[in-house]
Amino acid sequence: MEEVNVGIVGLGNVGMGTLTVLTENADQIALKLGFRLNVKAVCSRTVDAKQLPAGLENVTRTSDWREIVRRPDIHIVAELVGGTQAARQMVEGAIAAGKSVVTANKELMALCGAETWDSAIRAGVNLAMEASVAGGIPIHAVLREGISGDRVTALYGILNGTSNYILTEIEKWGTPFADVLAEAQRLGYAEADPSADVDGLDARSKLAILAALAFGEKITPSDIYTEGIRRILPVDFRYAGQLGHTIRLVCSARQSPEGLILSVRPSLVPNSAILASVRGAYNAVWVRGRYGEDTFYYGRGAGPHPTGVAVVSDLMRVAREIRSGSPERVSPFAHERLGEYKPISITRHHARYYLRFRVEDRPGIIARLATVLAEKGISVDAVLQIPAENWRDLPFVITVEPTTEQSIREAVAGMSEDDFLLEPPLTMPMEEPL
Ligand SMILES: NC(=O)c1ccc[n+]([C@@H]2O[C@H](COP(=O)([O-])OP(=O)(O)OC[C@H]3O[C@@H](n4cnc5c(N)ncnc54)[C@H](OP(=O)(O)O)[C@@H]3O)[C@@H](O)[C@H]2O)c1
């Protein structure tokens, strides 16, 4: 039985998880493939300090990734390092050396995945990236194969486990954002620098990859309107609850008559919607197709083992292709043509909106705000005010009938002179029951 040889670069959470799955599950994997996946070499900066799983005693250890990329007996390089500098050199170097690449790197793939795919095609090798989005959910395989016969009209996701964990903790305990974040950092659920997670940047990279795959268009992170969760207060969950909703960081890509509207932003989600039940560090993706209608995918968004499974499954697919000599070439990044699904501005988005104000209370505030909204043709749906003791910082909410993001922005700009506002209003779209 001829083996396919793998080199692993990066022995952190994902690298070690991958090695665990590869070694503990080696017999099953060999049975499924009909040949063995053999780890030939591993690489990390501090490789000598790493304790590898049993069975890998004879594997070459190196701290220089070039050694792995250059080795003629390695067929597939797994880039499990992260970042866009060294990782890019590793991926490009491996492809140039005629090796297929498996990566978990959403940041790199969102940044230059399409170009990397083109060079992989030219080199006659494969580039697989299942682990880069929603760790344990095989959403790439679903979009590339499972429902590829459908025509996707909308894709919604909860794609960042850390921010979902923080939101659902605020929801559950009524604890302020800063305290939940500090606790999440203490428990190791959030990075010391939490920006990529709580400001929506990590989710944005993932949405760029998924939307490119779902809609077959070239999409870059800059096409995606992005807003994080830092401004969400416990009281927002109380108001959302009164409206029969909760709050999630929703990633969405939806077709409109003019083009594709892409956003990552906190949104009100009806309690009856399946996305509202996604709690803690879980991820979910909801896809709506013209023919197949709605399908939903749920699972762990990260973690060494779930992500390790995604990497190993990619290694198996690519290894099968290498052995059979019949390359499967379904691009995860189409197309030349920009048309039906061309990204357009979020200002064209049309929805009901939730506007939360923090004001120093005085007579006439609601009338004033309603006037500004009316001037922009926006109809008030409801006004909600939970009794509060501190009249100097009174949070209350206005919900409005469906309107455009553009009108909402103009109305908010029109309120900027009002000195009773303690901060600019927080605006969130209210999603339909998905
Ligand atoms: N963590 C997750 O659950 C998860 C889920 C999905 C996707 N991902 C993605 O998977 C990738 C890896 O994430 P991770 O959490 O495993 O990161 P990590 O724990 O920080 O591990 C990174 C590894 O890369 C090694 N490394 C860094 N620079 C290197 C270089 N120049 N040469 C050789 N090795 C180098 C590090 O070596 P040392 O240990 O020796 O310093 C470390 O072993 C990222 O792209 C991430 O976005 C992670």
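Order of appearance sets the numbers: ligands from 1, and atoms from 1 within every ligand. Positions are given from 1, in the same order as the sequence printed here.
Between Phe296 and Tyr298, the two ring planes are parallel [angle under 30°; tilted spans 30° to 60°].
A salt bridge does not link Arg71 to Glu67: none of the charged nitrogens lies less than 4.0 Å from a carboxylate oxygen.
With 3.5 Å as the limit, one finds no donor-acceptor pair spanning the side chains of Tyr291 and Glu293.
Counting only residues at least two apart or in different chains, salt bridge (Lys or Arg N to Asp or Glu O under 4.0 Å) contacts with residues 13-34 comprise Asp27-Arg36.
Taken to the nearest 0.5 Å, the CG atom of Leu249 stands 7.5 Å off from the OG atom of Ser267.
The side-chain contact (heavy atoms from CB on, under 4.5 Å) test with Leu426 singles out one residue from Leu355, Leu233, Asp236, and that residue is Asp236.
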Protein N/O near ligand 1 N/O, under 3.5 Å, which pairs?
| from | atom 1 | to | atom 2 | distance (Å) |
| --- | --- | --- | --- | --- |
| ligand 1 | 3 (O) | Gly303 | N | 2.7 |
| ligand 1 | 15 (O) | Asn13 | ND2 | 3.2 |
| ligand 1 | 16 (O) | Asn13 | N | 3.1 |
| ligand 1 | 16 (O) | Val14 | N | 2.8 |
| ligand 1 | 19 (O) | Asn13 | N | 3.1 |
| ligand 1 | 19 (O) | Asn13 | ND2 | 3.3 |
| ligand 1 | 39 (O) | Lys50 | NZ | 2.7 |
| ligand 1 | 40 (O) | Ser44 | OG | 2.9 |
| ligand 1 | 40 (O) | Arg45 | N | 3.1 |
| ligand 1 | 40 (O) | Thr46 | N | 2.7 |
| ligand 1 | 40 (O) | Thr46 | OG1 | 2.6 |
| ligand 1 | 41 (O) | Arg45 | NE | 3.1 |
| ligand 1 | 41 (O) | Arg45 | NH2 | 2.9 |
| ligand 1 | 43 (O) | Leu11 | N | 2.9 |
| ligand 1 | 43 (O) | Gly12 | N | 3.1 |
| ligand 1 | 47 (O) | Lys106 | NZ | 3.1 |

